[in-house]
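Working notes, structure below.
Each ligand, and each atom within it, is numbered from 1 in the order the structure gives.
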Amino acid sequence: MTTEIHATAAASGANATERFRENKKATASSSQERVNLLASRIVKAINDTVLEEKVTYDEYNAFKAWLIEVGEDGEWPLFLDVWVEHSVEQVANENREGTKGSIEGPYYVPDSPRLQSPATLPMRENEQGTPLLFQGRITDLAGQPLPGATVEIWHADDEGFYSQFAPGLPEWNLRGAVVADGNGYYQINTMQPAPYQIPTDGSCGQLIAAAGWHAWRPAHLHLKVSAPGHQLITSQLYFQGDEHVSDDIASAVKPELVLDPTPRADGRGREVTYDFVLDPE
Ligand code: DHB
Ligand code: FE
């Protein structure tokens, strides 16, 4: 079991780096003025820390060695998505009136299987965990249903592992793009995900241990919800009662994004309703 978890942790960083390169997100171009401004501020923030905290040569060299290792481990996507992306998301979505956004994280894969609602996400025959029926409506700001809306969903399994980033899972396990019905309703049958621990055996784990932090994110569903003529929202939903909802290493929980599922009448797991509201383009 330990070996399996370690193999998984080591692989997920490298996979996340490879996937980021494939998705070709790094194509933004900025003006010289903007690069000058941002790079100068970041360099100044580091220098201010050195001067104010009187950083020693030992500490400087440990920092240098650690930065080199983050790259070697392929953990830059993990590091940035845990400790920086939440601020970028806050800025990107500050003017939205509809459903709140949250970070995308390192484990999104485009082009997952398209499924018509009501849908069951691809999963193993013996998929472990508590069944979860996740359903609701997708509307515009005025509450009008948006037919043709799509709920793209991806999440970890009952052990906290993501398909395509941990070994041994079917390619599209617990990933899908569910098309809502003509009234903007969607219904998704899946399995309750487990809380997720960011890999502890790489350089991010080393930092967490050295600083005395913890490595946990609360259990979460990742979502990209879209409809013609409306802005796509990237978000996450969490579960009431999860101790890390109030203590997320990635600072990505918002009170509007916490679900409170109830037991299903037929005794088969739990169900929850969540309505998405999309801003116009
Ligand atoms: C990380 C993993 C996640 O599942 C997530 O949602 C955010 C960040 C990470 O390991 O960096
Ligand atoms: Fe995640």
Side-chain angles (χ1 to χ4, degrees), residues 5-21 23 25 66-67 69-71 73-90 92-93 100-110 112 121 129 132 134 151-167 169 172-176 188 190-209 211 213-225 233-239 242 244-254 257-259:
I5 288 171
H6 277 231
T8 299
S12 60
N15 286 356
T17 295
E18 202 179 305
R19 186 67 64 180
F20 178 77
R21 287 196 179 121
N23 288 354
K25 279 193 184 159
W66 181 80
L67 288 172
E69 266 179 49
V70 176
D73 295 346
E75 286 199 353
W76 279 118
L78 273 59
F79 174 82
L80 290 165
D81 294 351
V82 163
W83 283 292
V84 182
E85 190 187 351
H86 64 95
S87 297
V88 180
E89 186 279 322
Q90 186 183 324
N93 292 327
K100 300 280 180 200
S102 187
I103 65 173
E104 178 175 308
Y107 298 144
Y108 172 63
V109 184
S112 60
L121 294 188
L132 177 71
F134 171 55
V151 177
E152 224 179 323
I153 179 169
W154 71 102
H155 63 83
D157 68 11
D158 189 48
E159 289 189 281
F161 294 136
Y162 284 87
S163 59
Q164 301 192 40
F165 295 89
L169 293 168
W172 295 106
N173 212 57
L174 304 176
R175 295 175 183 270
I188 301 170
T190 187
M191 284 288 172
Q192 167 81 37
Y196 169 86
Q197 191 178 25
I198 80 160
T200 52
D201 61 341
S203 34
C204 288
Q206 229 178 23
L207 170 64
I208 288 166
W213 300 339
H214 73 74
W216 291 96
R217 297 216 59 220
H220 55 277
L221 305 173
H222 286 274
L223 302 143
K224 285 181 184 282
V225 183
I233 185 78
T234 299
S235 195
Q236 297 188 24
L237 291 168
Y238 305 92
F239 299 91
D242 184 323
H244 295 293
V245 156
S246 54
D247 186 23
D248 175 13
I249 179 109
S251 311
V253 180
K254 299 177 185 180
L257 299 176
V258 182
L259 302 172

Item to complete: Mark up the atoms of ligand 1 that fall under 4.0 Å of a heavy atom belonging to His220, in ascending order.
Response: 4 (O), 6 (O)
Item to complete: Run the contact test for Pro106 against ligand 1 with a 4.0 Å cut-off on heavy atoms, strictly below, and give the result.
Response: yes
Fill in: Aromatic ring pairing Trp83/Phe79, orientation class (parallel under 30°, perpendicular over 60°, tilted between)
tilted
Worksheet item: Does Tyr162 reach ligand 1, in the sense of a heavy atom lying below 4.0 Å from it?
Response: yes
Worksheet item: Which of the numbered atoms in ligand 1 are below 4.0 angstrom from a heavy atom of Gln236?
Response: 6 (O)
Discussion item. Please classify the Tyr107 to ligand 1 contact at 4.0 Å (heavy-atom distances, strictly less than): side chain, backbone, both or neither.
Written reply: side chain
Discussion item. Consider side chain to side chain contact (heavy atoms under 4.5 Å, CB included). Of Val258, Val245, Leu221, which one does Phe239 pass it with?
Written reply: Leu221
Practice prompt. Kindly compute the distance separating OG (Ser203) from CH2 (Trp76), expressed to the nearest 0.5 Å.
Written response: 8.0 Å
Practice prompt. For Arg217, take its heavy atoms, then give the atoms of ligand 1 lying under 4.0 Å from any of them.
Written response: 5 (C), 6 (O), 7 (C)
Worksheet item: Of the protein's non-hydrogen atoms, which lies at the shortest distance from atom 10 (O) of ligand 1, and what is that distance?
Response: Tyr196 OH, 3.0 Å
Worksheet entry | side chain to side chain donor-acceptor pair (under 3.5 Å) partner of Tyr108, chosen from Arg19, Lys224, Glu152 | Glu152
Worksheet item: Considering only heavy atoms of His222, which atoms of ligand 1 have at least one such atom less than 4.0 Å away?
Response: 4 (O), 6 (O)
Worksheet item: Is a side-chain N or O of Asp81 found less than 3.5 angstrom from the main chain of Glu85, in a donor-acceptor match?
Response: no
Worksheet item: In degrees, rounded to 10 degrees, what angle do His222 atom NE2 and Tyr162 atom OH make at the Fe ion (ligand 2)?
Response: 100°
Worksheet item: In Å and rounded to the nearest 0.5 Å, what is the CD to CD distance from Glu89 to Glu104?
Response: 11.0 Å
Worksheet item: Of all the heavy atoms in Glu85, does at least one lie under 4.0 Å from an atom in ligand 1?
Response: no
Item to complete: Could you grab the distance from atom CG of Leu174 to atom CH2 of Trp154, nearest 0.5 Å is fine?
Response: 13.5 Å
Practice prompt. Enumerate the atoms of ligand 1 whose separation from the nearest heavy atom of Val82 is less than 4.0 angstrom.
Written response: 8 (C), 9 (C), 11 (O)
Practice prompt. Using atom types as modelled and distance alone, determine if a side-chain donor or acceptor of Gln236 lies under 3.5 Å from a backbone N or O of Ile103.
Written response: yes
